[in-house]
Number of protein chains: 2
Amino acid sequence: MLATMKATERRSRQREELRAEILRAARGIVLGEGYRALTMRRIAEAIDYSAAAIYQYFENRDAIAASLMDQGFEELAASFEACAAIADPAARLEAVGRAYVAFGLDHPETYRLMFMEDPEMTASLLERETGRQGPGERAYGALIGPVAELAAAGRLQPGGEAQPIADALWSALHGMVALKLTCPQFPATPTDTLLDTMLRGFVRGFIR
Amino acid sequence: MLATMKATERRSRQREELRAEILRAARGIVLGEGYRALTMRRIAEAIDYSAAAIYQYFENRDAIAASLMDQGFEELAASFEACAAIADPAARLEAVGRAYVAFGLDHPETYRLMFMEDPEMTASLLERETGRQGPGERAYGALIGPVAELAAAGRLQPGGEAQPIADALWSALHGMVALKLTCPQFPATPTDTLLDTMLRGFVRGFIR
DNA sequence: GTCTATAGGCTGATAGAC
DNA sequence: GTCTATCAGCCTATAGAC
């Protein structure tokens, strides 16, 4: 009985490992060659298995992409949670903004998958979360939370409301990341300068 | 001699017309079904010709996409030029910002093609313009021009420089459009409110 | 569980008849 | 100029041997 359990455990550990290896390979392909290069054959080649074998671990190609996105949201939420300790909401908001951009630039193709590729995939992943706090909602909360705190403390510019302001900040940060990913050379301003400029304008424009 | 010229003209006019019809069809397909649905066969079906016929008018599929982008930049630059009459640079800048977002939302798939799809295609199209003012450069000029004027008039917040500020505005506007196109339902704030909020923050944050 | 083989689909692009 | 036929290639996913 005990021996059987150990064997079962080992088998399931091996399963998990190959699953993880598939995801690792997929991440590498998406990172290096973009989402459209993510094919079962390419993954199979990378992990030295046949394409058919992958179907034992993932229902289909979309399930692999969804897993990558999932991990991405998880990681983004985690990097936001590292900012939670900052007491001042304005400083915390700025840190979250910097973490957001850093995440996008550090994981360009995961970011692409999460926010720039397929609206339906993004939507279905976010909608799946309605029954309690998934990582997507947690991430969004980290953005709107500090703005709401500022609003409650009367520290927003007169007439400003938390939600539109948080959404405007998110849009602006997304624009910076997205533009860097799609037209790397285009906004001529270096990334750091651009981010500093944007955050400074944001603080001056909305917080008092 | 005269008759020959007329026939030649008529033929070339017919050529232009079919070329335009191909582009119209391509635009419709990209608009309705996205860039990946833009195939020679789908275009052929739409214009009731064979796929092979299209190669008489465009070298290949990329040339068709490039033509669509070209028209997009042309149209964007034109919509910016309609703002040129506004004397006050701050008001002109705001008008340009609104025109930019309107363009993106009115031509979602052309916008996608221009700024969200293929970095190399975007880059090659913009680089082709280096020998004098193409529509891309004209469009960028409409954005940075008013900011430079504000800088020259001492109307920027202390420490602000024209280029980073213009790039930050562009990034923010791009983010708004891009997010609306990819996750239509996501920033919960209505588009108009979001744009108003963003422009108000921008003005307060950078202009004095 | 993993393989090979294959069904059944799509793609861009070209050759050659008319 | 336009067609049909076709090449050569890619894809997802499955069947069935082992």
Side-chain angles (χ1 to χ4, degrees), chain A residues 4 6-26 28-30 32-69 109 113 117-118 120-121 124, chain B residues 4 6-26 28-30 32-69 109 113 117-118 120-121 124:
Chain A
T4 312
K6 270 191 181 160
T8 308
E9 253 173 55
R10 191 179 53 243
R11 253 196 305 277
S12 105
R13 217 174 18 249
Q14 280 173 348
R15 257 196 86 79
E16 276 313 302
E17 232 160 85
L18 188 45
R19 218 188 118 93
E21 203 177 325
I22 290 168
L23 286 178
R24 248 195 316 279
I29 292 163
V30 174
E33 303 162 65
Y35 178 54
R36 12 182 279 191
L38 183 67
T39 69
M40 301 309 246
R41 281 170 167 75
R42 286 282 290 104
I43 297 171
E45 192 187 340
I47 63 172
D48 240 334
Y49 276 74
S50 76
I54 300 172
Y55 288 90
Q56 296 289 325
Y57 297 86
F58 290 93
E59 198 191 334
N60 53 33
R61 178 177 170 266
D62 280 4
I64 297 176
S67 264
L68 290 180
M69 290 172 64
E109 292 299 347
L113 222 46
E117 208 70 54
D118 186 347
E120 289 180 30
M121 219 159 60
S124 83
Chain B
T4 312
K6 270 191 180 159
T8 307
E9 254 175 54
R10 188 178 56 242
R11 254 193 307 274
S12 104
R13 219 177 13 252
Q14 279 172 351
R15 259 195 85 80
E16 276 314 303
E17 232 160 85
L18 188 44
R19 217 186 120 92
E21 203 177 326
I22 290 168
L23 287 178
R24 248 196 315 279
I29 292 163
V30 175
E33 302 161 64
Y35 178 54
R36 16 183 273 189
L38 184 66
T39 69
M40 300 311 247
R41 283 169 166 77
R42 285 281 292 103
I43 297 170
E45 193 188 338
I47 62 171
D48 241 333
Y49 276 73
S50 78
I54 300 172
Y55 288 90
Q56 295 291 325
Y57 297 87
F58 291 93
E59 196 190 337
N60 53 31
R61 177 178 172 269
D62 280 5
I64 296 175
S67 263
L68 289 181
M69 290 171 65
E109 293 298 346
L113 223 46
E117 209 70 54
D118 185 348
E120 290 180 30
M121 219 160 58
S124 83

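These numbers were taken from a predicted model, which means no experiment stands behind them. Just so it is clear, the values below take in all heavy atoms, side chains as well, and ignore hydrogens, waters and symmetry mates. Quick note on labels: first sequence line is chain A, next is B, and so on, each numbered from 1.
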So, is S50(B) close to the dT4(D) phosphate, meaning a side-chain N or O under 4.0 Å from OP1 or OP2?
-> no

Checking all strands, does Y57(B) fall into the base, sugar-phosphate, or nothing category for heavy-atom contacts under 4.0 angstrom?
-> sugar-phosphate

Which residue lies toward the 5' end of DNA chain D, A37(A) or A52(A), if each is placed at its nearest nucleotide?
-> A37(A)

Distance under 6.0 Å and angle within 45° of the ring axis: does R42(B) meet both against Y35(B)?
-> no

Tell me, please, the opening and closing nucleotides of DNA chain C, 5' to 3', among those with an atom under 4.0 angstrom from a non-hydrogen atom of chain A.
-> dG1(C) to dT4(C)

Check: N60(A) side chain, A63(A) main-chain N or O, donor-acceptor pair, under 3.5 Å = yes

When rounded to whole Å, the CD1 to P distance for the pair I64(A) and dC11(D) reads 13 Å

Specify the closest pair of heavy atoms between R36(B) and R61(B), including all atoms of both residues, with the distance to one decimal.
-> CA-NH2, 4.5 Å

Rounded to the nearest Å, what distance is computed from the CZ atom of residue R41(B) to the C1' atom of nucleotide dT4(D)?
-> 12 Å

Flag side-chain contact, heavy atom, 4.5 Å: E109(B) against L68(B) | no

L23(A) side chain reached by F58(A) side chain, heavy atoms, under 4.5 Å = yes

Just checking R15(B): base, sugar-phosphate only, or nothing, at a heavy-atom cut-off of under 4.0 Å?
-> sugar-phosphate

Answer yes or no: is there a side-chain heavy-atom contact under 4.5 Å between E9(A) and R13(A)?
-> yes

Mind calculating the distance between CG (D62(A)) and P (dC11(D)) to the nearest angstrom?
-> 16 Å

Report which part of the nucleic acid Y55(A) touches: base, sugar-phosphate, or nothing (heavy-atom distance under 4.0 Å, all strands).
-> base

